[in-house]
Amino acid sequence: MVEWDIRKLQILRTLRERGTVTATAEALRMTPSAVSQQLTNLAKQVGVPLLEAHGRRVRLTDAARLVLRHTEAVFEQLERADAELTAYRHGDVGEVRVGAFSTAVPALVVPAVRALRRTAPGVAVRVREAEAGEAYELLAAGEVDLALSLAAQAPTVGDGRFTRVELLADPLDVALPKGHALATAAGLRLADLAGEDWIFGGSGPWSDITRGACEAAGFSPRQGHSAAGWTAILAMVEAGMGVALVPRMAAVARDGGVTRDGGVARDGGVARDGVVARDRGVARDGGVMREGGVMREGGVMRGGVVMRELGEQRPVRHVVAAVRRGGEDAPAVGRVLRALRETASQTHEGRPVP
């Protein structure tokens with residue numbers, strides 16, 4: 001019987017994911033020669049070639065893919081073993097490393113951490129902000145225990161490495177300058193803005209989401225300006241330089257930001273009916289601003305940005321969480337997942353997933 005070496009199997013698995021020996025070495029903090037040597041030794045142990053030359057690179061043989069197909073079940077069981085040992089040693093005490101994209105941190109992660117401080121004070125959450133796609137690379141590499149990202153950047157449901165949890169369908173609203181002709185128009189549709197200059201990133205997930213939403217509405221957006229940060233995007237909208245899609249989660253409470261539940265917002269903004277006055281001056285869906293701000297059908301802001309809903313056909317982005325398959329059995333990870341789901345289900349800004 002073959003004596004299986006878990007470390008060598010991890011190297012082979014990483015090579016399948018990264019594609020090259022060099023990228024595998026970087027991911028595992030090894031040298032390329034060490035990676036090659038370990039894979040050569042593994043091939044000797046199993047008695048069949050695992051790699052074959054393909055131009056200047058190597059690719060996995062059918063035998064290597066067969067080995068990895070069985071290996072996934074092994075890694076899942078090892079994750080479960082780790083989870084059970086953690087439960088045995090610590091119960092609900094432990095540390096959970098969370099990788100999350102920027103708008104998910106204040107909207108979902110921070111409220112979940114606050115809730116855990118009340119219900120499970122022994123669970124420590126360590127947050128690492130990451131791009132949507134990068135969060136899953138960190139999860140696969142074992143650098144975080146739980147990843148929050150967008151479904152568009154997530155591995156497929158059939159990916160045997162991860163367990164996915166749907167959290168939230170986050171609506172996309174449109175940001176218009178205060179004096180825009182459609183700022184107070186009834187029944188605003190995305191298609192009504194087909195002739196506008198749009199502001200979004202030149203590449204990446206938000207560019208894909210904006211283009212996809214507009215194309216689903218029947219037009220290709222004309223990119224007037226390229227920006228990735230919401231501060232820059234809203235400043236350009238306020239200046240009348242274009243319009244933009246903005247996720248509802250981006251308007252979540254920060255210092256000087258949004259107040260929900262009929263509270264009074266900081267910096268002089270008044271919020272009612274669950275919405276919103278921001279320090280930059282954005283009013284949304286029923287928000288009333290002091291100092292001369294006027295509320296009409298979508299919410300007008302002093303200074304200049306109107307956030308408008310797009311009706312029944314409004315686009316959404318889907319927010320998901322994922323753990324390595326089997327890792328959800330760790331009590332601390334399960335606690336954090338439940339807290340995130342509860343936070344998502346209680347949100348007033350997005351649509352929770354049932």
Side-chain angles (χ1 to χ4, degrees), residues 101-104 107 131-133 149-154 166-230 232-252 275-276 282-287 296-301 304-320 344 347-354:
F101 63 102
S102 58
T103 53
E131 295 293 333
S149 189
L150 303 176
Q153 276 68 52
E166 303 286 331
L167 288 180
L168 189 70
D170 186 27
L172 309 182
D173 298 317
V174 64
L176 303 171
K178 179 179 178 180
H180 195 282
L182 296 175
T184 59
L188 183 64
R189 302 173 304 139
L190 192 56
D192 296 332
L193 300 162
E196 302 290 333
D197 285 333
W198 287 81
I199 305 169
F200 54 90
S203 62
W206 194 243
S207 173
D208 296 340
I209 288 171
T210 299
R211 293 183 186 277
C214 292
E215 288 168 3
F219 68 97
S220 179
R222 182 177 67 236
Q223 187 172 25
H225 307 279
S226 178
W230 298 117
I233 289 173
L234 292 176
M236 285 191 277
V237 171
E238 184 175 354
M241 297 167 64
V243 301
L245 284 177
V246 179
R248 195 73 59 82
M249 279 170 50
V252 78
V275 203
V276 217
V282 177
R284 179 200 299 277
D285 304 332
R296 301 179 207 162
E297 176 163 330
V300 176
M301 195 187 161
V305 177
V306 179
M307 303 297 294
R308 290 295 310 273
E309 290 189 7
L310 291 167
E312 294 182 0
Q313 301 301 317
R314 65 185 175 188
V316 299
R317 61 175 188 172
H318 294 275
V319 180
V320 300
T347 181
H348 299 287
E349 302 279 11
R351 293 205 300 269
V353 176

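Counting begins at 1 with the first residue of the sequence. What you see is a predicted model; the values in this text were computed from it and never measured.
The CD atom of Glu309 sits 10.5 Å away from atom CG of Leu188, with the distance rounded to the nearest 0.5 Å. Atom CZ of Phe101 sits about 9.5 Å away from atom CH2 of Trp206, to the nearest 0.5 Å. Note that CE of Met307 is 8.5 Å distant from CG of Leu176, once rounded to the nearest 0.5 Å.
Closest non-hydrogen pair, Val305 versus Ala175, comes out as CG1-CB, 4.0 Å. For the pair Val306 and Ala183, the tightest heavy-atom approach, listed with the atom from each and the gap, is CG1-O, 3.8 Å. The minimum heavy-atom distance linking Ser149 with Ala132 is given by the pair OG-O, 2.6 Å. What you find for Ala344 and Leu168 is that their closest heavy atoms are O-CD1, 3.7 Å. Of all non-hydrogen atoms in Ala232 and Ala227, the two that sit nearest each other are CB-CB, 4.2 Å. The two atoms that bring Ile199 and Met241 nearest to each other are CD1-C, 4.3 Å, heavy atoms only.
His225 places no side-chain N or O within donor-acceptor distance of the main-chain N or O of Gly242, the cut-off being under 3.5 Å. Between the side chain of Trp230 and the backbone N or O of Val246 there is no donor-acceptor pair closer than 3.5 Å.
In this structure, Met249 and Val319 have side chains that are in contact, with non-hydrogen atoms separated by less than 4.5 Å. Side-chain contact between Ile209 and Phe200 is absent, with no heavy-atom pair separated by less than 4.5 Å. Side-chain atoms of Leu190 and Leu245, non-hydrogen and from C-beta on, do get closer than 4.5 Å to each other. Annotation: side chain of Leu172 is not in contact with side chain of Leu310 (no heavy-atom distance under 4.5 Å). When side chains are defined from C-beta on, Arg308 does not count as touching Leu182, because their heavy atoms never get closer than 4.5 Å. With a 4.5 Å cut-off on side-chain heavy atoms, His180 and Val174 do not count as touching. Using a 4.5 Å cut-off on side-chain heavy atoms (C-beta onward), Val320 and Leu150 make no contact.
With sequence neighbours excluded, the residues satisfying side-chain hydrogen bond (donor to acceptor under 3.5 Å, both in side chains) with Asp192 are Arg189.
Applying the salt bridge (Lys or Arg N to Asp or Glu O under 4.0 Å) rule to pairs touching residues 206-226 yields Asp197-Arg222, sequence neighbours excluded.
With respect to Asp170 and Arg317, a salt bridge is recorded, a charged nitrogen being found less than 4.0 Å from a carboxylate O.
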